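The structure under discussion is supplied below as structure tokens; questions concerning it will follow.
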Amino acid sequence: LLGASRLQSEVLPLEPDLIFIEFAINDKYNKYEHPELDIASQYESIVRRLRKEYPDVDIVTLYIIDETDKGNSPSSVAVHDSIAKEYNIPVINLGQAMHYTMDEMGNPWSYYFEDIVHPNIPGNEVYYNVIAEYLEGQKQAAATNDTVVEHTVPSVVSKKLFNTDVEYIDMTPEYLA
């Protein structure tokens, strides 16, 4: 719920044109009554709100992992992934990139992180480089393609969505219009 509530107060007033979303690692630690449903509902509520209010905003979903994942993505990533695919949102798996870097460089987790999940300066540099590479690729692709990608709002994927007051709402045709 934190992401949905912060969207209203801290993101939307800025009228962004590019947004990065990362909640899969937080969702791993939340004790939801219905994990897949609750994770999907929260993530899709954020994405859907952005697509409806700012149809031209570009959204990129980021995935990170923690030390206990041993290079594997937490189950929450699969839930986010299914929503991202429906909304045609690109994904950058920073967790996989970090483990690849650790394997290549031979450095332990503690070289890149302050604790089990929060990167320090070298860890942030890895994340930065991966995101910069992605953005450069998008810039090059845009330079060779004059087509503007229209962002669409597909049918609702989740069984529930949150409204701006961060409360569960009924999935009525009026709300989905």
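The structure presented is a predicted model; accordingly, all values stated were derived computationally and were not measured. Sequential numbering from 1 along the given sequence is applied to the chain's residues.
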Exercise for the section: Decide yes or no for Ile21 and Ile59: does some side-chain heavy atom of the first lie under 4.5 Å from some side-chain heavy atom of the second? Expected result: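 Ile21 vs Ile59: side chains touch.
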Problem - Distance-minimising heavy-atom pair for Asn120 and Pro122 - result: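 Reported closest heavy-atom pair: OD1-CD, 2.9 Å.
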Problem - For Pro13 against Ser9, the heavy-atom pair lying closest together - result: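 What the structure gives for the nearest pair is CG-O, 3.6 Å.
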Problem - Heavy atoms of other groups near Ile121 CD1, more than 12 under 6.0 Å - result: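 For Ile121, atom CD1 is not crowded (no more than 12 foreign heavy atoms under 6.0 Å).
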Problem - Spacing of CG belonging to Leu94 relative to OH belonging to Tyr100, to within rounding of 0.5 Å - result: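 Going from CG on Leu94 over to OH on Tyr100, the span is 15.5 Å.
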Problem - Pairwise side-chain contact, Ile89 with His151, heavy-atom cut-off 4.5 Å (strictly under) - result: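 They are not in contact (no side-chain heavy atoms under 4.5 Å apart), so the answer is no.
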Problem - Donor-acceptor pair between Arg48 and Tyr87 side chains, under 3.5 angstrom - result: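 Arg48 vs Tyr87: donor-acceptor pair found between side chains.
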Exercise for the section: Find out whether Tyr43 and Thr61 are in side-chain contact, i.e. whether some heavy atom of one side chain is under 4.5 Å from a heavy atom of the other. Expected result: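 Side-chain contact under 4.5 Å: yes.
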Kindly list each side-chain donor-acceptor pair under 3.5 angstrom involving residues 110-119, sequence neighbours excluded, with atom names and distances?
| from | atom 1 | to | atom 2 | distance (Å) |
| --- | --- | --- | --- | --- |
| Tyr112 | OH | Asn107 | ND2 | 3.0 |
| Asp115 | OD1 | Val117 | N | 2.9 |
| Asp115 | OD1 | His118 | N | 2.6 |
| Asp115 | OD1 | His118 | ND1 | 3.2 |
| Asp115 | OD2 | His118 | ND1 | 2.8 |

Problem - Minimum side-chain heavy-atom gap Asn88-Thr152 below 4.5 Å - result: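 Side chain of Asn88 against side chain of Thr152, heavy atoms only: no contact under 4.5 Å found.
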Problem - Side chains of Val60 and Leu62 in contact at under 4.5 Å (non-hydrogen atoms) - result: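 Touching, per the 4.5 Å side-chain cut-off.
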Handout entry: Distance (rounded to the nearest 0.5 Å) between Glu53 CD and Leu12 CG
Key =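 Those atoms lie 5.5 Å apart.
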Exercise for the section: Measure the CG-CZ distance between Asp56 and Arg51 for me, rounded to the nearest 0.5 Å. Expected result: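 The distance works out to 9.5 Å.
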I'd like a table of donor-acceptor pairs (distance under 3.5 Å, sequence neighbours excluded) in which one partner is a side-chain atom from residues 129-140, with atom names and distances.
| from | atom 1 | to | atom 2 | distance (Å) |
| --- | --- | --- | --- | --- |
| Asn129 | ND2 | Glu125 | O | 3.1 |
| Glu136 | OE2 | Gln140 | NE2 | 3.3 |

Exercise for the section: Can you measure from CD (Gln42) to NE2 (His80) and round to the nearest 0.5 angstrom? Expected result: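 Separation between the atoms: 8.0 Å.
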